[in-house]
Amino acid sequence: MDDEEAILTATVTALQGLGYRVTQSQAGDEALALFQANPDGFHLVITDMNMPNLNGAQLSENILAIRPGIPIILLTGYSDQIDEALAKKIGIQSYLLKPLARDQLAHAVRDAMEHGPGTAPLAMNDPENKTP
């Protein structure tokens, strides 16, 4: 989900505290490999835009090519790299600016899980596996 260890740890802890099972990665290519190994094992993907080796937009495009319609939440602190319109065009369901509060993340995850196409598992880019 994030290449910064402190942010990654805080996000994973928050999601686990909400009852989600999380699979994490600090690099985009690593997250893609985890997803490719088990595309049906995730209900949702949460990714940061700035990731080593494969950014969040590239990761999202690759994941959606494998499994169209899986809900994806993109987090970014650099809105000049990608805006919400471009994120939606790629197929990203939710675009959130960092820093964000735990309740913002919880709402976005809940919304993605309820309104995403089908009932997919949760992943974080660090793909996170969420099962309520």
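Only heavy atoms go into these numbers, but all of them, side chains included; no hydrogens, no water, no symmetry mates.
The NZ atom of Lys98 lies 9.5 Å from the CG atom of Leu74; values are rounded to the nearest 0.5 Å. Between the CD atom in Gln36 and the CG atom in Asn62 there is a gap of 7.0 Å [rounded to 0.5 Å]. From Gln58, atom CD reaches atom CG of Leu32 across 10.5 Å, with rounding to the nearest 0.5 Å. Between the CG atom in Asn55 and the CG atom in Asp29 there is a gap of 11.5 Å [rounded to 0.5 Å]. Note that the CD1 atom of Ile66 and the CG atom of Asp40 stand 11.0 Å from one another [nearest 0.5 Å]. Here the CD atom belonging to Gln24 is positioned 10.5 Å from the CG atom belonging to Leu15, to the nearest 0.5 angstrom.
Listed here is the closest heavy atom pair of Gln104 and Pro99: OE1-O, 4.4 Å. Ala57 and Met49 make their closest contact through N-SD, 3.7 Å (heavy atoms, listed as atom of the first residue, atom of the second, distance). Between Ile72 and Leu64 the shortest heavy-atom distance is CD1-CG, 3.7 Å. In terms of heavy-atom proximity, Arg67 sits nearest to Pro39 at NH1-O, 2.6 Å. Closest heavy-atom contact between Leu75 and Leu100: CD2-CD2, 4.0 Å. For Ala31 against Ser25, the heavy-atom pair with the smallest separation is N-OG, 3.3 Å.
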query: Could you go step by step and tell me if Leu18 and Arg102 meet the side chain to side chain contact (heavy atoms under 4.5 Å, CB included) rule?
result: CA-CA 10 Å; Leu18 293 167; Arg102 181 178 185 236; 3.4 Å; yes
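A donor-acceptor pair is defined here as one N or O able to donate and one able to accept, closer than 3.5 Å; such a pair exists between the side chain of Tyr95 and the backbone of Ile82.
Just one of Ile73, Leu54, Thr47 meets the side-chain contact (heavy atoms from CB on, under 4.5 Å) condition when paired with Ser60; it is Thr47.
A search for side-chain contact (heavy atoms from CB on, under 4.5 Å) contacts involving Ala10 returns nothing, not counting sequence neighbours.
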